[in-house]
J.: 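Please find one structure pasted underneath; my questions will follow.
The chains referred to below are lettered A, B, ... by the order of the sequence lines, with proteins before strands, and numbering in each begins at 1. Worth saying up front: this structure is predicted, and the values here are computed from it rather than measured. Quick note: numbers below take in every heavy atom, side chains included, and nothing from hydrogens, waters or symmetry partners.
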2 protein chains.
Amino acid sequence: MVSKAPDIFPEIEIPDEISGLRMTAQRREVYRLLQQERNHPTANEVFMRVKDRLPNISLATVYNCLEALVQHGIIRQVNFERESSRYCPNLSEHGHFHDAATGVIHDVDFKPGVNLADVLNLPPGAVIDDVEITLRGKLASA
Amino acid sequence: MVSKAPDIFPEIEIPDEISGLRMTAQRREVYRLLQQERNHPTANEVFMRVKDRLPNISLATVYNCLEALVQHGIIRQVNFERESSRYCPNLSEHGHFHDAATGVIHDVDFKPGVNLADVLNLPPGAVIDDVEITLRGKLASA
DNA sequence: AATAATAATTGGAATAGTTCTTGATATTGA
DNA sequence: TCAATATCAAGAACTATTCCAATTATTATT
């Protein structure tokens with residue numbers, strides 16, 4: 001007899017529309033999963049997980065949903081090297097620390113009041129639309 | 001009658017060995033090209049360019065050469081989103097600014113004396129091996 | 001210099017993540 | 001209700017990269 005792992009979080013309610021994007025059943029479940037499992041899953045991981053609730057969903061649809069959510073600024077797409085894209089619902093400007101030992105990805109926030117131009121020699125006239133910071137290393141067992 | 005574009009730079013001399021890596025003809029030309037054309041070419045762009053001098057070189061060999069050079073710390077591999085990897089001979093710790101209008105990639109240096117931990121809330125105990133900073137935006141015509 | 005051992009190169013096949021295409025299904029608006 | 005539009009599913013297609021097996025080049029040893 002197979003028993004499903006219990007949902008750790010109470011059901012997250014998701015409205016019928018977010019930022020102008022209609023929440024279909026598929027988009028809703030994809031988004032809900034990202035909210036609940038904040039370990040930056042790949043499209044395929046999302047696919048496997050969401051199948052619990054929508055057994056007929058296809059991988060192509062997961063890609064479609066993820067793209068729609070990214071396009072509407074509801075989630076973020078994160079890339080490490082040329083590995084599979086990963087997705088996260090943390091919209092605040094942040095970077096990522098990739099623990100080489102465990103593979104776990106930690107969100108890394110900016111300290112308040114930090115200005116990129118204080119830190120980097122930007123090309124003159126540069127207007128920054130998007131910043132991507134990725135760190136790789138180890139967590140010394142504290 | 002086809003005339004080759006003249007080499008802008010005088011021939012760059014490359015020793016028989018760099019950081020313990022034997023410089024074969026193929027590796028030498030790949031490396032020379034990266035030194036001369038500092039526009040962060042892709043493997044395929046390197047391939048097409050290097051063919052001028054080594055008409056029989058294969059794309060697989062270009063990939064092999066690039067990997068060997070990266071492995072020995074002679075060049076760096078740079079990834080933007082999930083686009084083709086690009087390669088650059090600038091070894092100093094630096095980031096990249098990607099001009100959305102022109103597609104041109106500019107190297108961006110750190111201001112002297114900047115410490116990552118001053119700027120980011122790193123996870124406690126994090127030891128950083130590698131930093132990757134990518135900016136995307138536009139260059140306001142100065 | 002000849003030979004054996006090792007390393008590098010080539011060309012094509014294989015792989016993996018993602019995108020595209022087509023037909024079916026659902027939703028919205030008139 | 002009907003037409004127009006959007007979304008979905010399934011699998012084919014695409015692309016950057018890696019792998020593989022056979023050949024060629026280089027190095028070390030006699």
Side-chain angles (χ1 to χ4, degrees), chain A residues 14-33 40-72 74-88 103 105, chain B residues 14-33 40-72 74-88 103 105:
Chain A
I14 292 173
D16 287 351
E17 190 179 305
I18 304 180
S19 324
L21 181 68
R22 207 173 87 209
M23 281 294 115
T24 65
Q26 289 85 347
R27 289 176 187 155
R28 181 173 284 113
E29 292 307 327
V30 166
Y31 185 45
R32 192 187 335 252
L33 186 102
H40 304 81
T42 63
N44 198 56
E45 287 165 353
V46 171
F47 175 52
M48 293 189 303
R49 289 278 173 77
V50 164
K51 270 202 290 200
D52 290 349
R53 290 169 147 260
L54 297 175
N56 296 325
I57 196 170
S58 74
L59 179 55
T61 296
V62 171
Y63 273 105
N64 286 342
C65 292
L66 290 169
E67 192 192 336
L69 291 165
V70 168
Q71 228 75 134
H72 285 73
I74 301 167
I75 64 173
R76 304 186 71 176
Q77 179 171 6
V78 183
N79 297 299
F80 299 107
E81 309 287 306
R82 291 191 38 89
E83 294 167 13
S84 306
S85 288
R86 296 175 174 275
Y87 298 87
C88 87
I105 294 156
Chain B
I14 292 173
D16 286 351
E17 189 179 305
I18 304 180
S19 323
L21 182 68
R22 207 174 88 208
M23 282 293 115
T24 65
Q26 289 84 349
R27 288 176 187 156
R28 181 173 285 112
E29 292 307 329
V30 166
Y31 184 46
R32 192 188 336 252
L33 186 102
H40 304 81
T42 63
N44 197 56
E45 286 164 356
V46 171
F47 174 52
M48 292 188 305
R49 290 276 173 79
V50 164
K51 270 202 291 199
D52 290 348
R53 290 168 147 258
L54 296 176
N56 296 325
I57 196 170
S58 73
L59 180 54
T61 296
V62 171
Y63 273 104
N64 287 341
C65 292
L66 290 169
E67 191 193 336
L69 291 164
V70 168
Q71 227 76 128
H72 285 74
I74 301 167
I75 64 173
R76 304 187 73 177
Q77 180 172 5
V78 182
N79 297 300
F80 300 107
E81 309 287 306
R82 290 190 38 91
E83 294 167 12
S84 305
S85 288
R86 296 175 174 277
Y87 298 86
C88 89
I105 294 156

J.: From the 5' end of DNA chain D to its 3' end, which nucleotides mark the outer limits of contact with chain B, defined by a 4.0 Å heavy-atom distance cut-off (strictly under)?
T.: D:dA16 to D:dT27
J.: Whole angstrom is fine here: how far is it from CD in B:Glu17 over to C1' in C:dA7?
T.: 14 Å
J.: Kindly calculate the angle separating the two end axes of the helix from C:dA1-D:dT30 to C:dA30-D:dT1, each obtained from five base pairs, and round it to 10 degrees.
T.: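 Computed from the C1' atoms at both ends, the axes differ by 30°.
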J.: When rounded to the nearest 0.5 angstrom, what distance separates OH in B:Tyr31 from CD1 in B:Ile75?
T.: 8.5 Å
J.: Can you list everything that forms a side chain to side chain donor-acceptor pair (under 3.5 Å) with B:Gln77? Sequence neighbours excluded, please.
T.: B:Ser85
J.: Of all of residues 74-88 of chain B, which get a heavy atom below 4.0 angstrom from DNA chain C, listed by number?
T.: B:Arg82
J.: Using whole Å, what does the distance between atom C1' of nucleotide C:dA16 and atom CD of A:Glu45 come to?
T.: 15 Å
J.: Please collect all salt bridge (charged side-chain N to carboxylate O under 4.0 Å, His left out) contacts where either partner lies in residues 23-32 of chain B, sequence neighbours excluded, each pair once.
T.: B:Glu11-B:Arg32, B:Asp16-B:Arg28, B:Glu29-B:Arg32, B:Glu29-B:Arg53
J.: Remember a base hit wins even if backbone is also touched, and classify B:Asn44 as base, sugar-phosphate or nothing at under 4.0 Å, heavy atoms.
T.: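 The residue B:Asn44 makes no contact with any strand.
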J.: With no hydrogens and no angle check, is any side-chain donor or acceptor of A:Arg82 less than 3.5 Å from a backbone partner on B:Arg82?
T.: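 Yes, because the side chain of A:Arg82 sits within donor-acceptor range (under 3.5 Å) of the backbone of B:Arg82.
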J.: Over how many whole Å does the gap from B:Ile57 atom CD1 to C:dT10 atom C1' extend?
T.: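 About 10 Å, once rounded to whole Å.
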J.: With sequence neighbours excluded, tell me which residues meet side chain to side chain contact (heavy atoms under 4.5 Å, CB included) with B:Arg49.
T.: B:Leu33, B:Glu37
J.: Using the 3.5 Å cut-off, write out each protein N or O paired with an N or O of nucleotides 24-30 of chain C and the distance between them.
T.:
none

J.: Tell me every residue that passes side chain to side chain donor-acceptor pair (under 3.5 Å) with A:Thr42, counting only those two or more places apart in sequence or in another chain.
T.: none
J.: Quick one: side chain to side chain contact (heavy atoms under 4.5 Å, CB included) partners of B:Tyr63, sequence neighbours excluded?
T.: B:Ala43, B:Leu59
J.: CG of A:Asn64 versus P of C:dT19: gap in Å, rounded?
T.: 9 Å
J.: Between atom CZ in B:Phe47 and atom P in C:dT9, what is the gap in whole Å?
T.: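 Rounded to the whole Å, the gap is 14 Å.
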J.: Holding to side chain to side chain contact (heavy atoms under 4.5 Å, CB included), I want the full list of residues that pass it with A:Glu81, two or more places apart in sequence or in another chain.
T.: A:Arg136, B:Asn79, B:Glu132
J.: Please work out which residues in residues 25-32 of chain A have a non-hydrogen atom less than 4.0 Å from an atom of DNA chain D and list them by number.
T.: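 Those residues are A:Gln26, A:Arg27.
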J.: Check the distance between C:dG17's P and A:Leu66's CG and give it to me in whole angstrom.
T.: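 Distance check: A:Leu66 CG to C:dG17 P gives 15 Å.
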J.: Heavy atoms from C-beta onward define the side chain here; which of C:dA8, C:dT18, C:dG12 lies closest to that of B:Thr24?
T.: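 Nearest to the side chain of B:Thr24 among the choices is C:dA8.
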J.: Apply side-chain contact (heavy atoms from CB on, under 4.5 Å) to the pair A:Val30 and A:Met23, showing each step before the final yes or no.
T.: CA-CA 10 Å; A:Val30 166; A:Met23 281 294 115; over 6 Å; no
J.: Let me know the distance between OH of A:Tyr63 and P of C:dG17, rounded to the nearest Å.
T.: 7 Å
J.: Going by side chain to side chain contact (heavy atoms under 4.5 Å, CB included), name the residues that satisfy it together with B:Ala60, two or more places apart in sequence or in a different chain.
T.: B:Ser58
J.: Kindly give the heavy-atom pair with the smallest separation between B:Glu17 and B:Arg22, and that separation in Å.
T.: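 Looking at all heavy atoms of both residues, the shortest contact is CG-N, 4.2 Å.
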